[in-house]
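The next block holds one structure in the form of structure tokens; read it before the comments.
Because the structure is a prediction, the values reported are computed rather than measured. Residue indices begin at 1 and follow the sequence shown. Start at 1 and go down the list; that is how both ligands and their atoms are numbered.
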Amino acid sequence: MNEKTQRVIAEVAAILSDARRVVVLTGAGASAESGVATFRDAQTGLWSRFDAQRLASQAGFRDDPGLVWGWYMHRLAMVEVAEPNPGHHALAALAGEVAALTLITQNVDDLHERAGSPHVLHLHGHIARFHCNECGAAYYLQPEDRVASLPPVCHLCNGYVRPSVVWFGEMLPDRVLTAAWRAAEQCDVFLVVGTSGIVYPAAQLPIVAHNHGAQVVEINTEPSMLSESVDYVLLGPSGQILPDVLAEVRSRRS
Ligand code: OAD
């Protein structure tokens, strides 16, 4: 770690230690070191290899439900074998070191929960949950569904079942978004980790926090759309930076 990064980590640890309320927003970069592909990184990002409109929209699902189903089953299998990385673990531990911490994620995996973070606000849903695309009834995935060439059908209305993730053009879950917005308005420190800051309304949250007086800290391997408007930028992998931030917060307490 270079001297400048070390200095910024010390400053960030100081504001975290003094904060009454901390909010963390994570994106795909937070799971990258667990082997879960991001969306927009050149070469490896999902949307540089696959067509988002065909795989993550109502129109795409209508056109080819089998293709969409198969793609999500493949991604689900990837998430299931992934393990939380040191960044997930550091965020779970950080909750015990600061006054209050709200964790918001755009990720549809459950790696934060598996690292020990309870009550995660999932803005974009969950890849391991399913519901009927027509009537909304919950559906519990059966082993045979994983290899089926078409989505299973709803027991109530015969509509196709889909993953409970937010597709392009769809609304975010209302209660989750409201809770995330309120947390952003009320926090003193807002950490934004591993997101390109391109997808709204999630990308608005750090700006909301900033406009309400919070200090905003970005952790990313490279500058993002948000970097210009944040107070601190820590460039590097979240699996390395977050444990360093946690260690510094802990050393201030001892
Ligand atoms: P993106 O793929 O757009 O951005 C990932 C960000 O993570 C980039 O800014 C990378 O530089 C950064 N990154 C990569 N590896 C990292 C690491 N090890 N540590 C820290 N940062 C790292 O992903 P999101 O911003 O999460 O929506 O994308 C937002 C939404 O777009 C997703 O939730 C998804 C997608 O369409 C839905 O599924 C609705």
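- Counted by atom type alone, Ser227 and Glu218 present one or more donor-acceptor pairs between their side chains at under 3.5 Å.
- For Val166, the heavy-atom gap to ligand 1 drops under 4.0 angstrom.
- A heavy-atom separation below 4.0 Å is found between Thr221 and ligand 1.
- Residue-to-ligand polar distances place Gly194 within reach of ligand 1: an N/O pair is separated by less than 3.5 Å.
- Distances from atom 34 (C) of ligand 1 to the heavy atoms of Tyr200, Phe168, Trp167, Phe39 put Phe39 nearest.
- In this structure, atom 12 (C) of ligand 1 lies nearest to the protein heavy atom Asn220 OD1, 3.1 Å.
- Where the criterion is an N or O separation shorter than 3.5 Å, residue side chain and backbone included, Asn107 fails it with respect to ligand 1.
- A salt bridge links Glu170 with Arg162: at least one charged nitrogen is closer than 4.0 Å to a carboxylate oxygen.
- Contacts of Ser196 with ligand 1, taken as heavy-atom pairs under 4.0 Å, involve both backbone and side chain.
- For Glu134 and Asn158, the side-chain atoms include no donor-acceptor pair closer than 3.5 Å.
- The residue from Arg40, Glu170, His124 that puts a heavy atom closest to atom 27 (O) of ligand 1 is His124.
- Of all protein heavy atoms, the one lying nearest to atom 25 (O) of ligand 1 is Thr195 OG1, 2.6 Å.
- A side-chain donor-acceptor contact under 3.5 Å links Asp231 to the backbone of Val216.
- Atom 20 (C) of ligand 1 has its closest protein heavy atom at Ser238 N, 3.6 Å.
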Next on the checklist: Evaluate Val22 against Thr102 for side-chain contact (heavy atoms from CB on, under 4.5 Å), listing each step before the verdict.
Outcome noted: CA-CA 6 Å; Val22 175; Thr102 302; over 6 Å; no
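- In this structure, Arg252 does not pair ionically with Glu97, as no charged nitrogen and carboxylate oxygen lie closer than 4.0 Å.
- Under 4.0 Å from ligand 1, the heavy atoms of Glu33 that appear belong solely to its side chain.
- Considering only non-hydrogen protein atoms, atom 29 (C) of ligand 1 sits nearest to Gln106 OE1, 3.3 Å.
- If you check which protein heavy atom lies closest to atom 17 (C) of ligand 1, you get Gly29 O, 3.3 Å.
- Taking every heavy atom of Gly27 and a limit of under 4.0 angstrom, the matching atoms of ligand 1 come to 26 (O).
- Proximity to Glu222 (heavy-atom distance under 4.0 Å) selects the following atoms of ligand 1: 11 (O).
- Put simply, the residue from Arg129, His112, Glu113, Gln106 that forms a side-chain hydrogen bond (donor to acceptor under 3.5 Å, both in side chains) with His122 is Glu113.
- A donor-acceptor contact shorter than 3.5 Å links the side chain of Asn107 to the backbone of Ala28.
- Looking only at protein heavy atoms, the nearest one to atom 23 (O) of ligand 1 is Ala28 CB, 3.4 Å.
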Next on the checklist: Please determine whether side chain to side chain donor-acceptor pair (under 3.5 Å) holds for the pair His126 and Ser164, giving the CA-CA distance in whole Å, both sets of side-chain angles, and the decisive distance to 0.1 Å.
Outcome noted: CA-CA 6 Å; His126 303 262; Ser164 301; over 6 Å; no
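- The protein non-hydrogen atom at the shortest distance from atom 30 (C) of ligand 1 is Val199 CG2, 3.7 Å.
- Taking the six-membered ring for Trp, Tyr160 and Trp69 have ring centres at least 6.0 Å apart.
- Among protein heavy atoms, atom 36 (O) of ligand 1 sits closest to Trp47 NE1, 2.9 Å.
- Here is the list of ligand 1 atoms found below 4.0 Å of a heavy atom in Ala32: 15 (N).
- Looking only at distances, a side-chain donor or acceptor of Asp145 sits under 3.5 Å from a matching main-chain atom of Gln142.
- Residue contacts with ligand 1: Ser224 is placed with no nitrogen or oxygen under 3.5 Å of a nitrogen or oxygen of the ligand (distance criterion only).
- For the 3.5 Å distance criterion, the side chains of Thr105 and Thr26 qualify, holding a donor opposite an acceptor.
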